[in-house]
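Numbered from 1 within each chain, the chains take letters A, B, ... in sequence-line order. What you see is a predicted model, and the numbers here were worked out from it, not measured in a lab.
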2 protein chains.
Amino acid sequence: MATANVRDVAALAGVSVGTVSNVLNQSKPVAPETAKRVQAAIDKLGFVRNDAARQLRVGQSRTVGIMVLDVSNPFFTDIARGVEDTLTDFNRSLILGNTGESAARELTYLDLFEEQRVAGLLITPVGDVLARLERLRERGSPVVLVDRHENARSFSSVSVDDYRGGQIAAEHLLDTGRTSLAFVGGTRAIVQVAQRAGGAQDAARERDARPVRVLELDSMRAEAGRLGVEQLLALPKAQRPDAVFAANDLIALGALQALTHAGVRVPDDIALIGYDDISFAANAAIPISSIRQPAWEMGRTATELLMAEIEKPGTTDYRHVVFQPELIVRESTAGP
Amino acid sequence: MATANVRDVAALAGVSVGTVSNVLNQSKPVAPETAKRVQAAIDKLGFVRNDAARQLRVGQSRTVGIMVLDVSNPFFTDIARGVEDTLTDFNRSLILGNTGESAARELTYLDLFEEQRVAGLLITPVGDVLARLERLRERGSPVVLVDRHENARSFSSVSVDDYRGGQIAAEHLLDTGRTSLAFVGGTRAIVQVAQRAGGAQDAARERDARPVRVLELDSMRAEAGRLGVEQLLALPKAQRPDAVFAANDLIALGALQALTHAGVRVPDDIALIGYDDISFAANAAIPISSIRQPAWEMGRTATELLMAEIEKPGTTDYRHVVFQPELIVRESTAGP
DNA sequence: GTTCGTCGTTATAACGTTTCACCAGCCTGT
DNA sequence: ACAGGCTGGTGAAACGTTATAACGACGAAC
């Protein structure tokens, strides 16, 4: 049973295909009486528009692509949810690609998105793909960068002030009476990590506190937190910090585990703060303080920037929205 | 700058469009010499196939749809990763929809997928959509059910033996010396929950242990765990259980938090076991024992079943793969 | 020396929409 | 009465691909 097409609908309703299309897209006014007839025919035949044909004609898809670094990190899925929610407001849909931090996968997805002529693309680039993104834009798919703005003034972007986030975290720890801070995070090669660490270090310096000890690890996942804490606990007592600032919440969770395992009390012996404010931080055995990044709102704003470019192509007025991080205080940083 | 199409490529390479298509799809042999010329033209023009046109002609898309219940639950994203990984082996791509347990969203996505003529669909249905799925299949998009097999013998499916999972959990708790079990979970209306609870109850009965106290809550998230534990701790001491079996790991995490907050030691005073074995269970302050569901493998198998139907349409030989759950022992259920 | 196959290639017909230029009425104001 | 403007509708062209029937050239087989 070949599925019904507009022609069948038109025939049954006794109108032309053009009219059916007008009913479908409300592109031109159509008499309520005929509209009703057409609708009846559609229902009767179970007609469903063939999107490929539509797309071919129109030259562009109604779906937007998003490429995230790691779907198993709730921070990114929260962003994606913001995007998805916003997109449904615009009556468009989302196709999600997970790069898993792999430049190869990223290229594969770019190929796919280009073949699909996606209406637009949201991306946190991992490889060196700026040229590729320019091409995509030239061909009618605008691009907005998420959480990466360095050297990319030629694209709109949303990001968070990571330096400020680092400051806030360190200030909070110092405010609550801690004196010796450690930063546990992934490699400084990641801009975000470097910024957060830098903010914390400067804050400590400004308060004439002891310098922040920075532990660089090569992962942004829980094991990094475990490893980091083990290193800290191996230090001579005098050098042991009384507060740990984790580069993200996954690391903080790992840190909490290692501390608990070692019998170190949180927050009594050591305070702990994370970054991102994922739900698992709030739901940890000891609720973990965190620097909240407005993930959902970032997704929404990125989508709005993108839609603006989609609906008014050719603009070169690229906007860069920088969100401010927010301190969320929980039990893990209660005063000593 | 209109993007190049096959005609442009053909012109530049001095061949016909048919030949270009053959080069693109290797559908017919083409002389290596000409193939090289065509490839050169493609590269020079930066030609990228328009997938909409291809799809229109061929009648079917190269992408597969998946609808998951809750992207913020790692169990489902793990399944999705299994699907994605497998699909790239088949050189196809994935479009992911998040229903968030909402029947309305589910319908929206079904419309979308139908318009897109997706090659196939993986779904954990939330609403009553079996008829809709039949129609999708009739129109050329096979459907495989994930983690839902009840009353749906007319679709292939993958699922896990939840009853057995419940048994295993309860037996493990009893084996390690616990005598009074409580089950904390979402509503029994969810088949999985009812099965897991049933398995646990039967296991206790078989061992002549005290009957399992079942706490039904209306959520499958962390707050349910907190609430459940609060209810348990409010009981007179004699009735207080010495082991908690949570319907999933999110609930277990909430439970661990409530227990910690109340100063109840895990596992010394109360043992705790979850379900799904998400990474956050392993990374909790007290590593939480869990019943592992092979999420990635489920995704892979579901995809393979789907691909089989896609590549050989018209078969009515529906298969039902049932995975066995596996006990993962961690600190939270060490003997008292 | 004709016939038959095979290989590589070509031209052309779909696929199902949307858009666009046109048209038939019909009302309205002068 | 007639130009002009709405309103609701028509029909055909175009979007870029793949599939298919047909074809020329060249050997092999008889």
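- Of the listed nucleotides (D/dG9, C/dG16, D/dT17), D/dT17 has the atom at the smallest distance from the side chain of B/A53.
- Per the geometry, CG belonging to B/L56 stands 12 Å off P belonging to D/dG16, to the nearest Å.
- Side chains of A/T77 and A/N73: a donor-acceptor N/O pair is absent below 3.5 angstrom, by distance only.
- Look at CG on A/D51: it is 12 Å from C1' on C/dT18, rounded to the nearest Å.
- B/S72 and B/D70 are linked by a side-chain donor-acceptor pair at a separation below 3.5 angstrom, with hydrogens and angles left out of the test.
- Contact check for B/N50 versus A/Q116: no side-chain heavy atoms found under the 4.5 Å cut-off.
- Atom C1' of nucleotide C/dT17 and atom CG of A/L24 are separated by 9 Å, given to the nearest angstrom.
- Each of A/A52 and B/G14 was assigned the nucleotide of DNA chain C with the nearest heavy atom; the assignment lying further toward the 5' end belongs to B/G14.
- With A/W296 as the partner, the side-chain hydrogen bond (donor to acceptor under 3.5 Å, both in side chains) test is satisfied by one option alone out of A/T301, A/D78, A/D85, A/T86: A/D85.
- Residue-level contact check: B/N25 touches the backbone only, with heavy atoms under 4.0 Å from sugar-phosphate atoms and none from bases.
- Distance A/Q55 CD to D/dT17 P: 13 Å, rounded to the nearest Å.
- Residues A/Q26 and A/N22 bring no donor and acceptor atom of their side chains to less than 3.5 Å of each other.
- Contact annotation: the side chain of B/L24 approaches that of B/F47 to within less than 4.5 Å [non-hydrogen atoms, C-beta and beyond].
- Residues A/V17 and A/R117 both approach DNA chain D. Their nearest nucleotides, taken by heavy-atom distance, put A/V17 toward the 5′ side.
- Atom CD of A/Q116 and atom P of D/dT17 are 14 Å apart (whole Å).
- If you measure from atom CD1 of A/I42 to atom P of C/dT17, you get 10 Å, rounded to the nearest angstrom.
- Positionally, the nearest nucleotide of DNA chain C for B/A31 lies more toward the 5' end than for the other of A/V58 and B/A31.
- Across its full length, the helix from C/dG1-D/dC30 to C/dT30-D/dA1 shows an angle of 50° between the axes of its 5 terminal pairs at either end, rounded to 10 degrees.
- Heavy atoms of A/T34 sit under 4.0 angstrom from primed sugar atoms or phosphate atoms, though from no base atom.
- Using a 4.0 Å heavy-atom cutoff across all strands shown, B/V15 reaches sugar-phosphate atoms only and no base atom.
- Across C/dT17, C/dA11, C/dT19, the shortest atom-to-atom separation from the side chain of A/R7 is found for C/dT17.
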List the protein contact pattern of nucleotides 20-27 of chain D with one symbol per nucleotide (5' to 3'): B for base contact, S for sugar-phosphate-only contact, - for none; contact means a heavy-atom distance under 4.0 Å.
BB------
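- Screening B/I66, B/L122, B/L306, B/I123 against B/V146 for a side-chain contact (heavy atoms from CB on, under 4.5 Å) leaves a single residue, B/L122.
- Between the side chains of A/S61 and A/T63, at least one donor-acceptor pair of N or O atoms lies under 3.5 Å.
- Distance, B/N50 CG to D/dA14 P: 18 Å, rounded to whole Å.
- The shortest side-chain heavy-atom distance between B/D89 and B/R300 falls under the 4.5 Å cut-off.
- With C/dC15, D/dT17, C/dT9 as the candidates, the nucleotide lying closest to the side chain of B/V30 is C/dT9.
- Geometrically, A/R153 does not engage A/Y318 in a cation-pi contact, judged by NZ or CZ lying under 6.0 Å from the ring centre and within 45° of the ring axis.
- Taking every side-chain heavy atom of A/T19 into account, D/dT10 is the closest of D/dT10, C/dT10, D/dT18.
- Atom CD of B/Q26 and atom C1' of D/dT18 are 15 Å apart (whole Å).
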